[in-house]
Amino acid sequence: MVLDNGPLKGINPHIMFISLAITVALVVFALAFPAQSSMVVDQVRTVITIAANFWYVSLAALFLVFCVWIGFSKYGKIRLGRDDEKPEFGYFAWFAMVYAAGQGIGIIFWSIAEPMFHFSSGSPFSPDMANEDAATSAIAISFFHWGLNAWAIYCVVGLSLAFACYRLGKPLSIRYTLHPLFGEKVTGKWGVLIDVIAVFATLFGIATSLGMGAQQINAGLSEIWGIPQSSSVQLILIVVITLCALISVLTGLKKGVKYLSIGNMWLTMVLLLFFFLFGPTLYIVKTFFSGTFEYIMQFFNFNVFVESTSSSIGDEDASWKSMWQGWWTVFYWGWWMSWAPFVGVFVARVSRGRTIREFIWGVVGVSSLLSFVWIAAYGGTALYLDLFEDAGIAAVVSSDVSKALYATFAGMDLGYLSTGAMIVGTVLVATYFITSSDSGTLVLTTIMSEGCESPLNRHRIIWGVMQGVVASVLLVVGGDAALSSLQTASIAAALPFSVIMLLMCCSLYKGVRDEFRVTVKSPAYKASLSD
């Protein structure tokens, strides 16, 4: 049962102007009252960390269970499109666009920094510090934060959108993921509320990554050419790369966005090959397998562990910085959820013609595996250098996480090769920066156009600029604690959207169940089951 849903014209003024008005008000308040804004950021982070950690941890586990179940169920062969429809993109281009949208700047920023933090400081899952057991545990925890749970969060939104749009013929908009559950009620004021929440989650989630990307590019320029690390340089970087992203997004999905994503994938492979060829190859391979084994053995513990907050509640000296889970797991799950509307719309857009099972296998399985290889190569190299060559990377990371990648290249001590790798790494961060921004712009305008797959250029320009503005303001307001400001924005924006995601699971189940009852009688569908 598939209906053609041709692109809608124009933009929903309610979604557009409500989102724009609130965003402008927040930006003006932050710039006019920076001290108060910084205090609010700190308070919001503390409240969410103390009160909502169980919520975030439980939802991430639930989403993974849901994706695995529906992928292996009888509904797995339902095609996201007509029963005879073929995918629009080949596997390589599809994986490249999915992975570039879903991980992008974030994994470059944290693939070394996170393992080094756990390695040097320990975690609730291992008392070891600065030894080989600590290194294995650090990699396993990083796999947890960048693996199956993270991609399941994206998958819930992407699959719900792709099913509603390409199977049920609804517009490619967040509100219509709940159509199987609520029917035409999603076309009214409740639909506007849903889309506005999605816009804010997307806007602040992307702004978080753009801010981190600017910090890391600045660190690279500092290491290579001695350009000072400062907020003014980072603001200039945001402006320049936002302009590049606008040029890309104005060329459309099948030109600028597609080719930049493919370019990212090739550069990613070049750097991975660099680590495997010139890094501790055997140790990287060992790290991948030992980390994967530890991840599997600790998988249940990772997903049910909830840090006690009873001692922190009412304690004026308590700080979210003293809470491991708030600093790591809660931030990550909130960050993924804030990115989920953006990644979900984009992944759905490039996945037409795939089956539900194929979609889940590609988005959750293949993407997680690539993240594991990435972290083993990057993080494993840094761990080896600290363990066996006393490179001091952990000390660098503890003082400035944006220097993690460059400290590792320097620790490899390969002369011009290390310098060349730093340049390639900086270019890769920049291209991921651009693809995150241009894809995010396309998604924001798609949501506000209620599913129009070719939003008007003037709307792309407005919201492309707005992403850069929000990222800049978060950096300025954060000051010395800019990273905290960026992280708080993402987890706060994710909180209301997490409720919508829970409803998406219920809606998707009802939708595929009803669709199966209809299509199971179709000769074309029966033929597809025997393929």
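Throughout, residue positions are numbered sequentially from 1 according to the sequence presented.
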Nearest heavy-atom pair of Gln36 and Phe29: which atoms, and what distance?
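What the structure gives for the nearest pair is CB-CZ, 4.3 Å.
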Heavy-atom neighbours of [X] [atom1] exceed 12 at 6.0 Å:
X      : atom1 : result
Trp361 : CH2   : no
Trp190 : CH2   : no
Phe300 : CZ    : no

Assess the side chains of [X] and [Y]: does a donor N or O sit below 3.5 Å from an acceptor N or O?
X      : Y      : answer
Trp339 : Thr202 : no
Tyr332 : Trp146 : yes
Glu358 : Tyr91  : yes
Trp94  : Ser351 : yes
Ser160 : Tyr176 : no

Counting C-beta onward and ignoring hydrogens, is there a side-chain heavy-atom pair between Glu88 and Arg349 closer than 4.5 Å?
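Answer yes - side chains close enough.
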Audit row: Val401, Phe109, side-chain contact (heavy atoms from CB on, under 4.5 Å) steps and yes/no
CA-CA 8 Å; Val401 294; Phe109 194 92; 3.4 Å; yes
May I have the step-by-step check of side-chain hydrogen bond (donor to acceptor under 3.5 Å, both in side chains) for Asp195 and Asn12, ending in yes or no?
CA-CA 10 Å; Asp195 284 341; Asn12 186 311; over 6 Å; no
With sequence neighbours excluded, residues passing ring-ring contact (aromatic ring centres under 6.0 Å, His included) with Phe305:
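Only Phe125 meet the ring-ring contact (aromatic ring centres under 6.0 Å, His included) criterion with Phe305.
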Please determine which of Phe144, Tyr56, Trp328 meets the ring pair (Phe, Tyr, Trp, His ring centres under 6.0 Å) test together with Trp333.
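That would be Phe144.
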Between Ser371 and Tyr99, does a side-chain hydrogen bond (donor to acceptor under 3.5 Å, both in side chains) hold up when you go through it step by step?
CA-CA 9 Å; Ser371 291; Tyr99 198 78; 2.9 Å; yes
